[in-house]
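Data block below; observations after.
Hydrogens, waters and symmetry mates are skipped; everything else that's a heavy atom, side chains included, is used.
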Amino acid sequence: EPQQDVGSWRNEQKSQSNKPGRKQGGKGGSNSGKAQMPGASESAYKVKRDVSPNERLRRDMRSLLNKISPDTLKKLGEECATLAESLKDADQMELVVGLVFEKALAEPSYTPTYANMIWNMKDRFPSFASREESSDKPFTIIRALLNTTQAQYDKGLGKLVEVGRIVLEEEALEALPDRNPESKEYQDALAETRKRYKNLMKFIGELFLRRLLSIKIIIKVMQDLLGREPSEDCVECALTLLMTIGYTLQHQTEPGANFVDTQLLPKFKELKRLPHISSRVRFIIQDMLDCQKNDWKKKNFKEDPKQKSEIKKKHEQDDRKGLNADAFEVTRVGEAPQMIQRQMMRSPAAQQMRSPQPVRSAAPAPVFDESRKLKVQKACKYYLEERREADHVTDPTRRKEALKKAEDNLVKDWGAVDLQGKVLEDALVLCLEAGWSARLESQEAWVDLFLALKRRELVRPLIFKQLVSSKLKDCLDDIKQDCPMAEGFLNKLRAADLAA
């Protein structure tokens, strides 16, 4: 009976399949019993066997960049360095650097990682012949970084500085469904472009901390952003750059220290009082000023990407502290990475400083005695008299020659006095006291005297700045009790120094 049931079931299924109007092979099938597969569309991916070398380089480099993190930097960085060694020309080098810039601007949290990658592989890049016929300098990785930085800056920030507002690129405009400036899509595109500009400033700062970009570029960018009447976007970009490199810029380079103290900080204090600057930007400026006063230390509530070992160590420390664990960490803004500091300490100059030096009998320290004091007073007196005579000359050419002669004589008389270190500071204090004690009509001549000393490099700018801005600031109230015009004279001196 079971066999009969199975057979009857099969016969029934066979009879149903042979009914008219029913086709074998499934839905839409044919009598052959095989399903018909749909054909390939026109936009389907097709394997291309012949790929150009630049395209293959682009794919390989992007594949590595997509996997890089603080943990994989050592391993994948070596693969990137091997790839860099195989570059054939300067165009491929600029292609690699451009891809790193593109990735850094898209992922601002990993800008230190990408900057470390370039620093680690900088010696593995080959050098090529210059593409300019008039130049004999080879095309190196530093030149590729400069060209890419200049191109990225001109592409966006250059227009921002020129126009005073963010201008969307043609590609971004074409992708917008609604080009009305008031639409949400347009405003989102502006916010994305603004974010990209800030990311570029942060990456430029990270390259500067690793000595891949010079301080001249930093100063030029800052001067462009903080022009006569900078927009809020320019101010924010400048603040982003300064909050990336602040400590190194002010404390490890003399031109940077002079630039920060005499130009940047006064400029930001002035911008904070302008009416077109919003309260939000004013608070950002004030945060930067407070951070600078605190030796560029600030509380960091958002941790940067770290290696797993560093995260584990931090958690173990928090577990030991228990409830006393801090919800933030105090970091120093703009401090060079440890690897850069170690490299600086391994330099021949640093090793020579650390090596034991033969003991020598100390020479007596120079003192600002009456003899030196009298010579300084005579040098200043002769300069003021010659300058006063030059002011009465009506002919512009003769007056210019007379002023130059007075300045040359000042250099000669000042150089005849042995002024160094503490003795030089005492001489400057003597001149400052004579300047703010003089009559108002004579104070301008004293200001020119100080500018002439700086211009002829008889006084280093850093020493002069520290004396005027730091050491006299603490005792200015006591000085004003004896000489009320002291503060006005110092303000004139600072203003003339900035104008010069």
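Of all heavy-atom pairs between Ala238 and Phe268, the closest is CB-CZ, 4.2 Å. Leu242 and Val333 make their closest contact through O-CG1, 4.4 Å (heavy atoms, listed as atom of the first residue, atom of the second, distance). Residues Leu209 and Ala336 approach most closely at O-CB, 4.0 Å, considering heavy atoms. A pairwise comparison of heavy atoms in Gln92 and Ser86 identifies OE1-O, 4.4 Å as the closest pair.
Each of Val100, Leu76, Leu64 was scored for a side chain to side chain contact (heavy atoms under 4.5 Å, CB included) with Met117, with one residue passing: Val100.
For the pair His251 (side chain) and Gly246 (backbone), a donor-acceptor distance under 3.5 Å is absent. In this structure a side-chain-to-backbone donor-acceptor pair under 3.5 Å is present from Ser183 to Asn180. In this structure, Thr248 contributes its side chain and Gly334 its backbone to a donor-acceptor pair below 3.5 Å. Between the side chain of Glu232 and the main chain of Ser278, a donor-acceptor pair closer than 3.5 Å is present.
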_One pair to check against side-chain contact (heavy atoms from CB on, under 4.5 Å): Ile217 and Phe208. What are the steps and the verdict?_
CA-CA 9 Å; Ile217 297 177; Phe208 168 75; over 6 Å; no

_Verdict with reasoning, Arg143 to Glu94, per salt bridge (Lys or Arg N to Asp or Glu O under 4.0 Å)_ = CA-CA 9 Å; Arg143 173 53 56 185; Glu94 284 193 339; over 6 Å; no

*What do the steps show when you test Glu254 against Asn258 for side chain to side chain donor-acceptor pair (under 3.5 Å), and what is the final call?*
CA-CA 6 Å; Glu254 183 173 336; Asn258 184 37; over 6 Å; no

*asked:* Is there a side-chain contact (heavy atoms from CB on, under 4.5 Å) between Lys272 and Leu289? Walk through the geometry before answering.
replied: CA-CA 11 Å; Lys272 200 174 66 169; Leu289 295 176; 4.3 Å; yes

*Any chance you could lay out the side chain to side chain donor-acceptor pair (under 3.5 Å) test for Tyr197 and Glu236, step after step, and finish with the verdict?*
CA-CA 10 Å; Tyr197 291 168; Glu236 286 195 69; over 6 Å; no

*Using the side-chain contact (heavy atoms from CB on, under 4.5 Å) rule, take Cys431 and Leu453 through it: C-alpha gap first, then chi angles, then the decisive distance, then the call.*
CA-CA 11 Å; Cys431 296; Leu453 293 177; 5.7 Å; no

*Would you please test Phe203 and Phe101 for ring pair (Phe, Tyr, Trp, His ring centres under 6.0 Å) and show each step?*
CA-CA 8 Å; Phe203 191 54; Phe101 262 80; 4.8 Å; yes

*Starting from the C-alpha separation in whole Å, work towards a yes-or-no answer on salt bridge (Lys or Arg N to Asp or Glu O under 4.0 Å) for Lys195 and Glu192.*
CA-CA 5 Å; Lys195 181 180 177 181; Glu192 188 66 26; 5.2 Å; no

*Trace of the salt bridge (Lys or Arg N to Asp or Glu O under 4.0 Å) decision for Asp224 with Lys220*: CA-CA 6 Å; Asp224 286 347; Lys220 181 63 170 62; 2.7 Å; yes

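Atom CZ of Arg210 has more than 12 heavy atoms from other residues, nucleotides or ligands within 6.0 Å. The 12-atom threshold is exceeded at CD of Glu335, counting heavy atoms of other residues, nucleotides or ligands nearer than 6.0 Å.
Residues satisfying the side-chain hydrogen bond (donor to acceptor under 3.5 Å, both in side chains) test with Gln263, not counting sequence neighbours, are none. With sequence neighbours left out, the side-chain contact (heavy atoms from CB on, under 4.5 Å) criterion links Asn294 to Lys297. Contacts of Arg273 classified as side-chain hydrogen bond (donor to acceptor under 3.5 Å, both in side chains), with partners at least two apart in sequence or in another chain: none. Not counting sequence neighbours, the partners of Trp296 by the side-chain hydrogen bond (donor to acceptor under 3.5 Å, both in side chains) test are Gln250. Asn66 meets the side-chain hydrogen bond (donor to acceptor under 3.5 Å, both in side chains) test with Lys103; sequence neighbours excluded. Lys184 meets the salt bridge (Lys or Arg N to Asp or Glu O under 4.0 Å) test with Asp188; sequence neighbours excluded.
Using a cutoff of 4.0 Å between basic side-chain nitrogens and carboxylate oxygens, Glu55 and Arg59 are scored as salt-bridged.
Asp287 contributes atom CG, which lies 14.5 Å from atom CZ of Arg282 (distance to the nearest 0.5 angstrom). Note that the CG atom of Leu225 and the OG atom of Ser231 stand 8.5 Å from one another [nearest 0.5 Å]. Considering CG of Leu145 and NZ of Lys122, their distance stands at 11.0 Å, rounded to 0.5 Å.
In this structure the side chain of Thr244 never reaches within 4.5 angstrom of the side chain of Ile204, judged on heavy atoms.
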